[in-house]
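Not measured: the values here are computed from a predicted model. Heads up: numbering here begins at 1 and tracks the sequence.
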Amino acid sequence: MKTIKINVPKSWDEMSETQFEKIAFHFNTSETNVKFYIKLFFLLTNAKFWQFSKKAKMRIVLRTLPLSDLHKTYDFIFKDNNRTIFPDNIKIGKIKYFPPQNRISNLTADEFAIVDDLHIKWRETKNVEYLQYMAAVLYTETKARPLFDKNELHDKAKPFSKLSIKKLLAIELAYFGCKNNLVKRFPKAFPKQKPGEAKPKKKYGFSKVILSMAKGDLSKLDQIKKVNIYTFLEQFEEDLTPDKK
């Protein structure tokens with residue numbers, strides 16, 4: 001038997017935008033069973049329905065190798081999501097919307113706090129409206145992000161109700177990957193729950209962290225909210241680090 005070479009992405013960021021959207025949809029709408037893993041394999045190999053020869057080769061691979069061995073070729077997808085690239089420009093009607101920079105490197109602390117709350121709410125409720133609001137925070141009508149105003153969010157979210165669920169799920173999953181990267185880079189700002197530690201009765205979002213940075217001086221709060229999220233987290237971690245004497 002001839003050697004069959006298969007090409008699959010080696011990381012989340014190597015996926016094409018179309019692949020990523022399909023996989024985001026697949027993860028959110030399919031049960032985890034044998035069919036799930038087979039379809040995932042075809043999505044990662046990017047086999048198109050008209051590529052009969054390629055699909056035939058994929059079926060030979062599936063008959064020859066157990067799924068557990070196939071997983072090793074793309075095991076990154078079963079580990080942490082570290083996608084840092086968002087779906088590109090989105091056109092709704094006559095208006096084009098621009099994504100945030102990779103790794104959400106141009107978001108403010110306030111924007112991150114709002115979108116993270118929406119992300120958590122989506123994960124808890126699966127209410128699509130939260131995805132639409134997330135997209136409205138993350139995508140703007142200009143490349144240079146305008147000053148964020150939470151009071152305008154309801155109106156800004158209305159056009160995003162026209163986006164496909166595939167696109168919305170991809171935006172959410174890309175945000176989650178960016179957050180995972182932030183958690184790894186700033187572990188003190190996102191402490192993990194210790195084994196055996198009781199879960200807090202009340203959940204506090206990132207807005208509580210922003211409030212703590214004001215140190216009781218509410219006159220500083222609006223200015224702190226406008227600080228770049230990376231700059232904010234660097235300062236937050238520095239404040240948590242005890243001075244060396």
Side-chain angles (χ1 to χ4, degrees), residues 11-17 20-21 24 80-92 94-123 130-160 163 167-190 205-214 220-240:
S11 69
W12 283 93
D13 280 347
E14 281 190 19
M15 293 183 202
S16 69
E17 185 173 323
F20 181 64
E21 285 185 18
D80 288 342
N81 164 21
N82 57 6
R83 176 82 174 188
T84 64
I85 304 168
F86 282 83
D88 206 355
N89 306 339
I90 294 169
K91 195 169 184 182
I92 304 175
K94 296 181 179 180
I95 301 175
K96 182 186 285 187
Y97 294 89
F98 297 89
Q101 291 176 0
N102 295 352
R103 300 178 183 273
I104 53 173
S105 60
N106 61 341
L107 256 60
T108 63
D110 192 32
E111 287 172 318
F112 176 80
I114 300 298
V115 79
D116 196 53
D117 281 345
L118 293 166
H119 158 72
I120 292 169
K121 285 293 185 182
W122 155 251
R123 293 271 162 163
Y130 289 118
L131 295 179
Q132 295 163 3
Y133 275 74
M134 279 186 72
V137 177
L138 293 164
Y139 283 72
T140 56
E141 293 184 35
T142 55
K143 285 185 178 180
R145 297 184 68 83
L147 189 64
F148 178 71
D149 186 348
K150 183 181 177 180
N151 296 321
E152 298 175 352
L153 186 54
H154 180 69
D155 288 333
K156 285 186 175 181
K158 289 178 181 177
F160 291 91
L163 274 188
K167 187 74 72 176
L168 290 169
L169 289 170
I171 291 170
E172 188 271 341
L173 197 59
Y175 165 76
F176 197 13
C178 292
K179 180 184 177 179
N180 287 338
N181 276 283
L182 282 178
V183 171
K184 286 182 180 178
R185 181 167 173 176
F186 303 102
K188 292 179 183 177
F190 302 94
F206 197 79
S207 296
K208 187 79 173 179
V209 178
I210 296 175
L211 188 61
S212 71
M213 284 289 280
K220 296 179 180 178
L221 191 57
D222 282 344
Q223 198 60 37
I224 291 172
K225 286 181 176 181
K226 297 173 186 175
V227 174
N228 175 274
I229 183 58
Y230 281 82
T231 304
F232 176 91
L233 290 171
E234 284 168 1
Q235 184 61 53
F236 184 74
E237 286 221 328
E238 188 175 317
D239 290 350
L240 289 176

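Taking the side chain as every heavy atom from C-beta outward, Tyr139 and Ile171 approach each other to under 4.5 Å. Contact annotation: the side chain of Ser207 approaches that of Asp117 to within less than 4.5 Å [non-hydrogen atoms, C-beta and beyond]. Two residues are said to be in side-chain contact when any heavy atoms from C-beta on lie closer than 4.5 Å; Glu141 and Ile95 meet this criterion. Proximity of Thr140 to Phe148: side-chain heavy atoms (C-beta onward) are nowhere separated by under 4.5 Å. Side-chain contact check for Trp122 versus Leu169: some heavy-atom pair is nearer than 4.5 Å. Considering only heavy atoms from C-beta on, Arg145 comes within 4.5 Å of Leu107 through its side chain. Here the side chains of Tyr175 and Pro100 are not in contact, with every heavy-atom distance at 4.5 Å or above. Counting only heavy atoms from C-beta outward, the side chains of Ile104 and Phe86 approach each other to under 4.5 Å.
Using bins of under 30°, 30° to 60° and over 60° for the plane-to-plane angle, the ring pair Phe176/His119 lands in the tilted bin. The aromatic rings of His154 and Tyr133 sit tilted, their planes meeting at an angle between 30° and 60°.
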What's the verdict on side chain to side chain contact (heavy atoms under 4.5 Å, CB included) for Val227 and Met213, showing C-alpha distance, side-chain angles and the deciding distance? CA-CA 11 Å; Val227 174; Met213 284 289 280; over 6 Å; no
The test is salt bridge (charged side-chain N to carboxylate O under 4.0 Å, His left out); show your working for Lys167 and Glu17 and say whether it passes. CA-CA 10 Å; Lys167 187 74 72 176; Glu17 185 173 323; 3.4 Å; yes
Full working for side chain to side chain contact (heavy atoms under 4.5 Å, CB included) between Asn82 and Asn181: CA-CA 6 Å; Asn82 57 6; Asn181 276 283; 3.7 Å; yes
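Side chain of Asn81 to main chain of Asn180: no donor-acceptor pair is present (N/O by atom type, distance under 3.5 Å, no hydrogens or angles). Put simply, the side chain of Asn228 gets close to the backbone of Ser105: a donor and an acceptor are under 3.5 Å apart. Looking only at distances, a side-chain donor or acceptor of Arg83 sits under 3.5 Å from a matching main-chain atom of Trp12.
Here CD1 of Ile210 is found 11.0 Å from CG of Asp222. Values are rounded to the nearest 0.5 Å. Taken from CD in Gln132 to CD in Glu172, the straight-line distance is 13.5 Å, to the nearest 0.5 Å. Going from atom CG of Leu163 over to atom CD1 of Ile92 covers 4.0 Å, rounded to the nearest 0.5 Å. Taking CZ from Arg123 and CG from Leu118, the interatomic distance works out to 13.5 Å, rounded to the nearest 0.5 Å. Rounded to the nearest 0.5 Å, atoms CZ (Arg103) and CD1 (Ile229) are 15.0 Å apart. Here the straight-line distance linking atom CG of Leu147 with atom NZ of Lys226 works out to 5.0 Å at 0.5 Å rounding.
Electrostatic pairing of Glu234 and Arg185 counts as a salt bridge here, judged by a charged N lying under 4.0 Å from a carboxylate O.
With Phe98 as the fixed residue, the side chain to side chain contact (heavy atoms under 4.5 Å, CB included) test singles out one of Ile90, Leu138, Asn89: Asn89. None of Phe206, Tyr230, Phe232 except one satisfies the ring-ring contact (aromatic ring centres under 6.0 Å, His included) rule with Phe112; the exception is Phe206.
Scanning all heavy atoms of the two residues, the minimum distance from Ala144 to Thr142 falls at O-OG1, 2.6 Å. When every heavy atom of Glu21 is checked against every heavy atom of Pro87, the shortest pair comes out as OE2-CB, 4.2 Å. Nearest heavy atoms, Ala170 versus Phe20: O-CE2, 3.2 Å.
Note: Phe236 and Phe186 fail the aromatic proximity criterion, with ring centroids not under 6.0 Å apart.
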